[in-house]
Amino acid sequence: MKQKRCLTLLLGCLLLSLAGACTSASELPELTPKPWASPTATLSQDLLATDIARQATPTPEPSQTPWRYATLTPSSKSANTLGGVYSPLTGLNQNRPDGKGQRPILVKMANWPEALRPQAGLNAADIVFEYYIGAQMSHFAALYYGTAPEAAAPLAPARAPDTRLAIHYGADLTYQSARPNILKLISDSLPGRNFMANTLPCPAICAEPNTKGGNIAVNLPALRNYISSLERKEAAHALEGLSFSRSPGKENGHALRLSYLYADYSVMDWRYAKETGKYQLWQDLLYAPGKYRLSQSFDRDSGMPIAFDNILILYTHYISYGQDGYDIDMRESDPEQQALLLRDGKIYYGKWLVSAPDQPIQFKGPNGLDIPLKPGRSWISFASINTISKQVQPGVWELSFSFN
């Protein structure tokens with residue numbers, strides 16, 4: 001009897017220890033995807049490659065050979081739990097005519113060097129994408145559909161991920177310049193849908209006065225008018241992919257702050273503001289030689305804090321193209337890519353995918369069902385698969401970038 005009681009206690013302790021290991025929230029679960037095969041490095045002409053150059057050669061060069069990849073058939077239709085007519089990119093009431101009958105516009109915007117900050121027009125974007133550009137730096141690609149600010153700046157050189165994202169969202173791409181290989185990739189992949197500085201008349205894309213920094217800015221209403229004057233035939237493009245709900249689902253913990261560190265001098269720091277229900281951005285600021293501190297980011301023109309309703313971290317594999325920079329491996333139709341969502345001060349573990357090279361991003365739970373975003377604007381950061389992710393304090397998360 002005594003031996004049986006001891007065995008019962010031992011089993012109970014073992015079960016409790018296993019349960020504790022399974023429910024610990026200090027480390028994110030299984031954020032390093034399983035290794036995959038490494039095919040030959042190429043970029044696709046039509047769809048920017050269904051799977052691109054995974055560790056194939058040290059410095060692959062963009063080419064125009066599409067890849068073949070076994071596809072799944074997940075639905076790209078977002079679950080509209082809001083009723084009425086809402087934007088598929090924000091879940092907000094689509095009562096403005098700006099984007100009606102036109103493609104979204106993807107504007108490539110600089111974040112480095114630091115002297116180019118603050119940016120103008122980020123808060124007006126439906127979605128802002130952030131990705132690594134090398135040397136512990138990141139740049140942004142802002143997607144505009146339901147709104148059209150008069151200034152989105154500063155415009156930055158285009159890179160391979162900008163072309164990829166423009167294809168996924170059926171968008172027109174606006175950029176400052178591009179290296180020859182990337183320029184050819186853009187021209188081949190987005191014919192008649194790419195607009196580079198110095199190729200359009202002002203006021204669509206203009207150099208701003210020195211009082212505003214002397215950088216290049218996009219005037220979205222003027223650019224839309226110019227595109228309308230081309231009288232091109234606009235093909236319908238599916239933008240549905242994300243699901244929105246005012247009521248959040250079951251969270252995996254609190255998330256009052258998330259710091260994404262590319263380096264100690266390159267930080268994207270998101271802090272939840274309960275009074276607005278949004279995450280506000282703080283970034284590195286050089287205040288003395290070799291000394292940095294975090295400083296809140298504001299819109300250059302409105303003076304409002306840079307703030308978003310949803311922060312998504314998508315873990316992906318980066319591909320190096322040498323002098324032509326980096327690309328993002330979207331692994332079309334792979335439903336096992338890890339992701340995080342921050343909304344309403346909470347964190348959600350999930351997975352992300354794109355069902356095809358010309359379809360938008362979806363965010364799913366472990367059961368394959370949509371995890372709803374908060375109606376509003378979203379910031380999507382592409383982290384490397386080797387990014388170290390942990391909870392350093394209750395509700396405080398830290399991600400340290402590490403290139404593949």
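Along the sequence shown, residues are numbered consecutively beginning with 1.
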Can you confirm whether [X] sits close enough to [Y] that some side-chain heavy atom of one is under 4.5 Å from a side-chain heavy atom of the other?
X: Leu106; Y: Tyr145; result: no
X: Tyr279; Y: Leu342; result: yes
X: Tyr348; Y: Pro248; result: yes

Would you kindly say whether [X] and [Y] are connected by a side-chain donor-acceptor distance under 3.5 Å?
X: Gln283; Y: Asn111; result: yes
X: Asp327; Y: Tyr318; result: no
X: Ser378; Y: Asn310; result: yes
X: Arg300; Y: Gln119; result: no
X: Asp324; Y: Asn181; result: yes

(request) Could you tell me whether Arg377 sits above the aromatic face of Phe308, with NZ or CZ closer than 6.0 angstrom to the six-membered ring centre and within 45 degrees of the axis? (result)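 That pair does not qualify as a cation-pi contact.
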
(message) Can you see whether Trp112 has Arg117 sitting over its ring - NZ or CZ less than 6.0 Å from the centre and within 45° of the normal?
(response) yes

(message) I need the single residue from Lys108, Arg224, Arg232 that forms a salt bridge (Lys or Arg N to Asp or Glu O under 4.0 Å) with Asp172. Which is it?
(response)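 With Asp172 as partner, salt bridge (Lys or Arg N to Asp or Glu O under 4.0 Å) holds for just one option, Arg232.
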
(request) Establish, yes or no, whether a centroid distance under 6.0 Å links the rings of Tyr86 and Phe244. (result) no

(message) What I want to find out is whether Asp162 reaches Arg164 closely enough, with some N-O distance under 4.0 Å, to be called a salt bridge.
(response) no

With under 30° as parallel and over 60° as perpendicular, where do the rings of [X] and [Y] fit, or are they tilted in between?
X: Tyr169; Y: Phe129; answer: tilted
X: Trp397; Y: Tyr349; answer: perpendicular
X: Tyr262; Y: Phe401; answer: tilted

